[in-house]
Amino acid sequence: MKQYDHNKIEKKWQKEWEVKKVYKTENSSKKKKYYVLDMFPYPSGAGLHVGHPRGYIGSDVYARMKRMQGYNVLHPMGYDAFGLPAEQYAIEHKIHPRKAVEKNIKTFRGQLDKIGFSYDWSREVNTTDPEYYKWTQWIFLQIYNSYYDEQKNKARPISELIKKFEKTDKNWKKLSEIEKEKILMNYRLAYEGYSEVNWCPKLGTVLANDEIVDDKDGNPVSERGGYPVEKKSMRQWFMRITAYADRLVSDLDGLNWSSHIKEIQKNWIGVSEGSEIEFKTSINRNIKVFTTRADTLFGVTYVVLSPEHTNIGEFAVQSQNMAEVTEYIREAKERVKKEDITVEKEKTGVELKGIKAINPANGEEVPVWVADYVLASYGTGAVMAVPLHDERDREFAEKYNLPIIDRPFVDAKEITEKVNGKLVKKYKIRDAVFARQRYWGEPIPLIHNADGTIRDVADKKLPLVLPSVTSYEPTGTGESPLAGVKAWAKAGYETNTMPGWAGSSWYFLRYMDPKNKKAFADKKMLKYWKDVDMYVGGQEHATGHLLYSRFWHKFLFDMGYVPTAEPFKTLKNQGMILASDGRKMSKRWGNVINPDDIVKTYGADTLRVYEMFMGPFEASQPWNTDSIIGSRRFIEKVWRIANSASLDNAFRRSHSVLEGQVRSGHSEDSSKHHLALQKLLHKTIKKVSEDIENFSFNTAISAMMVLVNEMDKAENISSADFKLFLQILAPFAPHITEEIWREMGEKKSINIATWPKYNPKLLIEDTLKVVVQINGKVRAEIDIPADASEEKVFETAFENENVKKWIPNTSEIKKKIYVKGRLINFVV
RNA sequence: GCCCAGAUGGCGGAAUUGGUAGACGCGAUGGACUCAAAAUCCAUUGGUGGCAACAUCAUGAGAGUUCGAUUCUCUCUCUGGGCACCA
């Protein structure tokens, strides 16, 4: 018997597949399309550990089956290579991030290739390639030059808004360019603004949230160096994702995603429906509050403003205790800067003495307070306090001895209308910051003119290429290193770069037409490929990438650039593979298992089978190298059967057992065996097909193990049947099945062979096993003909010795239950 | 604190619309082969009682619905994830 040399076999076929372009996707085709996508990786310096390919293997198995089922499958891979780690690596090793990225991609590709994926590598994308980010920049400009039309409920070009202003507003034309700019900035879907950032004075740089850790006293410090971090307001670019909040929630209904991820997104966007109600005050300014409990309006005993409320200054000035109020506001701001956001703090506040608010429902005068338990950034930055029904208000009222009153509920909608309020929806989600004060990202293609206005970089000047710099170190001012490039600054280019999520928000569209120089993808290609049918990746992207790309996609849809409103129809989240100690695999714990080692020792096929067999695809699992041996034994058993005399015997006959039975008179006994094996084969084909479709890979493999164990015992197996088995195993173990397939004389790759169909006739059993329960306990098992009547089944049951033992007298039976072909239950 | 998911042998996990709990794999024990080992093969493997047939208990805990519950309902415990004063 030939030796199973996995290294030789796997290298041989990987090379052959590449040379023959077996997995090349057709550009346009009469075949139906199927798009199977992995979340592309960030190529870190550490390379892959065995956990990373889990999702890739699952999607690969799926893609391979779809390909064999006759679809034109798009199954690509690429790299998301902008971002902080590459920049940090560059700073530490004094090399250009591009060089670091190139090196890391090479490592990744090498590791991926060994596992035998069916990617069409001719479509590879890399977000840091200027030919790619040209289109990231182009899309940014489309967003920048658009606004959200609330009437049409979709994005429209900003030029339409300008026209509208010109028509309806006489003063518009009189405004200076800068004034116009300022107004338009309030509408643009990408806009300039200010926001708080994490500022580390010692490092002279802005830090991302994951670069900050707590020191032993719980204060935020930089992960690198342990220096204090504070809040600082800086100029930023934003994306107006809030305009899409409603659609981002409601369109979730149509997606075939796990309810878990949908729930996370829903909570993150955080829709609340409520009322905006105005309280008149004793000074000449109203207070508008937002509440979801307008029904409790009569129970209001005070009104609270956030210390950062837009009009807080005016209220402070007109209060009798101005000094005290001003001091409180100052302190509150100070706290925001320092404090860790997560701790629940004791409520503090101060009354605006002399100022009263008037409850519009009943004209009652209530006091007005400033307190930092009210957030400026949510609702209207002011609330009406109903201590009886709101825990926070009650806590505050108790502390400051404010009245807590019990008033009857009223209808929320009616009262809102009665007091001239407005029914509104509010969202927790904030506009997304779209700027990093870093070097290694896509330059934002805007130019700041000397007069303060902003203009686009012209389309034909794109890509605006990231310039070389002498140092990637932070500038110390908080600005990106680009500010230190003389020519860049002189030209007035924006010095912020785009955040990591820019390039990953649309990459799946580029795969459809990766080399296109005239558009991010050709219209025809977009029309053919439409959207991603099956998207596989980690659930940690629920509130990041998966939300941002939906937002970008909806924008592109509004503007007519893509044919669907949602990018990813079905989403599967693979579970994480933990180290055998139950912790995450990490260099830090020294518990990393490299797939290269596993492939070398056990083979790629074994690795693939094992990772799919470990447990449910979406569940996290600890890695256990000892258990791999089971998958290896399974693969070896297949090899052994392929090379055994039992297959050769059958091979010579070269027709299936069913036919054999009819044509030649084999002994009855052996025919029966063959029939049983063939029935099992077809049952397995059915199960494996369904299980792959449902991503239940572990049970698919288990079913194939059962089949292989039976084949191992069989005296002969027809080659036709064995080939059918090889085909359903091929998505999991493409190398060994290819080797055997070709040895059996096939000329074309098994990986593009037609997916087997099971024969329904072979699934029909003529006798069934029926369980007999007495009072719900299993007491016997009887064989009945498949077409037996209910009476006949009961009759057979009574003939059983054990049943007789438990029910000597059939008249004792109170109730008889028969579940067809499965079970009987006698209640006595 | 609120929201979501989960808990099944020594371990990873199966179980169709409520219908034989423990498929498949790992590990373990005994045996065959071998000078020996590895590999492979055979048998056993949830607990208790019994030589056995078999009986009995058992799916985190407790209750409920049902002829019948791992599956449905309620309460609780624990584990994992999300949110963090969002009015």
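Each chain gets a letter, A, B and so on, in the order its sequence line appears, and its residues count up from 1. Excluded from the calculations below are hydrogen atoms, water molecules and symmetry mates; all remaining heavy atoms, backbone and side chain alike, are included.
Dashed line: the shortest gap from a side-chain N or O of A/Arg822 to OP1 or OP2 of B/G68 is not under 4.0 Å. Phosphate proximity of B/A87 to A/Ser272: present, with a side-chain N or O under 4.0 Å from OP1 or OP2. Side-chain N/O atoms of A/Trp639 include none lying less than 4.0 angstrom from OP1 or OP2 on B/U40. Applying the 4.0 Å criterion to OP1 and OP2 of B/G81, one finds that A/Gln539 has every side-chain N and O outside that range. Look at A/Asn698 and you'll find a side-chain N or O under 4.0 angstrom from OP1 or OP2 of B/A14. In this structure, A/Tyr378 reaches the B/A87 phosphate: one of its side-chain N or O atoms is under 4.0 Å from OP1 or OP2.
Here the nucleotide nearest the side chain of A/Arg633, chosen from B/G27, B/G19, B/A87, is B/G27. In this structure, of B/G81, B/G68, B/C26, it is B/C26 that holds the atom nearest to the side chain of A/Asp626. Side-chain atoms of A/Glu263 lie closest to B/C4 of the nucleotides B/C67, B/C83, B/C4. Listed candidates were B/C24, B/C85, B/G19. Nearest to the side chain of A/Leu823 is B/G19. Distances were taken from every side-chain heavy atom of A/Phe613 (C-beta onward) to each of B/A87, B/G68, B/G12; the shortest belongs to B/G12. Nearest to the side chain of A/Val706, among B/A87, B/C24, B/G19, sits B/C24. In the set B/C4, B/G27, B/C83, the nucleotide with an atom closest to the side chain of A/Trp268 is B/C83. Closest to the A/Ile264 side chain, of the nucleotides B/G82, B/G19, B/A87, is B/G82. Of the candidates B/A14, B/C24, B/A87, the closest approach to any side-chain atom of A/Val383 belongs to B/A87. Considering only side-chain atoms of A/Asn709, the nucleotide from B/G25, B/C83, B/C4 that sits closest is B/G25.
Separating the P atom of B/U29 from that of B/G47 is a span of 15 Å, rounded to the nearest Å. Rounded to the nearest Å, the gap between the P atom of B/U48 and that of B/G10 is 10 Å. As rounded to the nearest Å, B/G46 and B/A21 have C1' atoms that lie 10 Å from one another.
The residue from A/Trp623, A/Phe732, A/Phe697, A/Phe634 that alone fulfils the ring-ring contact (aromatic ring centres under 6.0 Å, His included) condition with A/Tyr610 is A/Trp623.
The distance from atom NZ of A/Lys399 to atom C1' of B/C85 is 14 Å, rounded to the nearest whole Å. Between A/Ile817 atom CD1 and B/G19 atom C1' there is a gap of 10 Å when expressed in whole angstrom units. Rounded to whole Å, atom C1' of B/A39 lies 13 Å from atom NZ of A/Lys637. Following rounding to the nearest Å, A/Phe697 (CZ) and B/C24 (P) show an atom-to-atom distance of 22 Å. In this structure, NZ of A/Lys428 is placed 10 Å from P of B/C83, rounded to the nearest angstrom. A straight line from CG of A/Asn624 to C1' of B/G13 spans 13 Å, rounded to a whole angstrom.
Listed by residue number, the members of residues 771-784 of chain A with any heavy atom below 4.0 angstrom from RNA chain B are A/Val771, A/Gln773, A/Lys777, A/Val778, A/Arg779, A/Glu781.
Nucleic acid contact for A/Pro622: none, since no nucleic acid atom lies under 4.0 Å from a heavy atom of the residue. Within the 4.0 angstrom heavy-atom criterion, only backbone atoms of the sugar-phosphate kind lie near A/Ile629; the bases stay farther away.
A cation-pi arrangement is absent between A/Lys347 and A/Phe396, since the terminal nitrogen or guanidinium carbon is not both under 6.0 Å from the aromatic centre and inside a 45° cone about the axis.
The ring-ring contact (aromatic ring centres under 6.0 Å, His included) check on A/Phe794 picks up A/Phe826, with sequence neighbours excluded.
Using N1 to N3 plus N6-O4 or O6-N4 for Watson-Crick, or N1-O2 and O6-N3 for G-U wobble, each under 3.5 Å, B/G18 pairs with nothing.
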Under-3.5 Å N/O pairs linking protein and nucleotides 42-44 of chain B:
none

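Not less than 6.0 angstrom separates the ring centroid of A/Tyr548 from the ring centroid of A/His541.
Because its glycosidic torsion is more than 90° from 0, B/G30 is reported here as anti.
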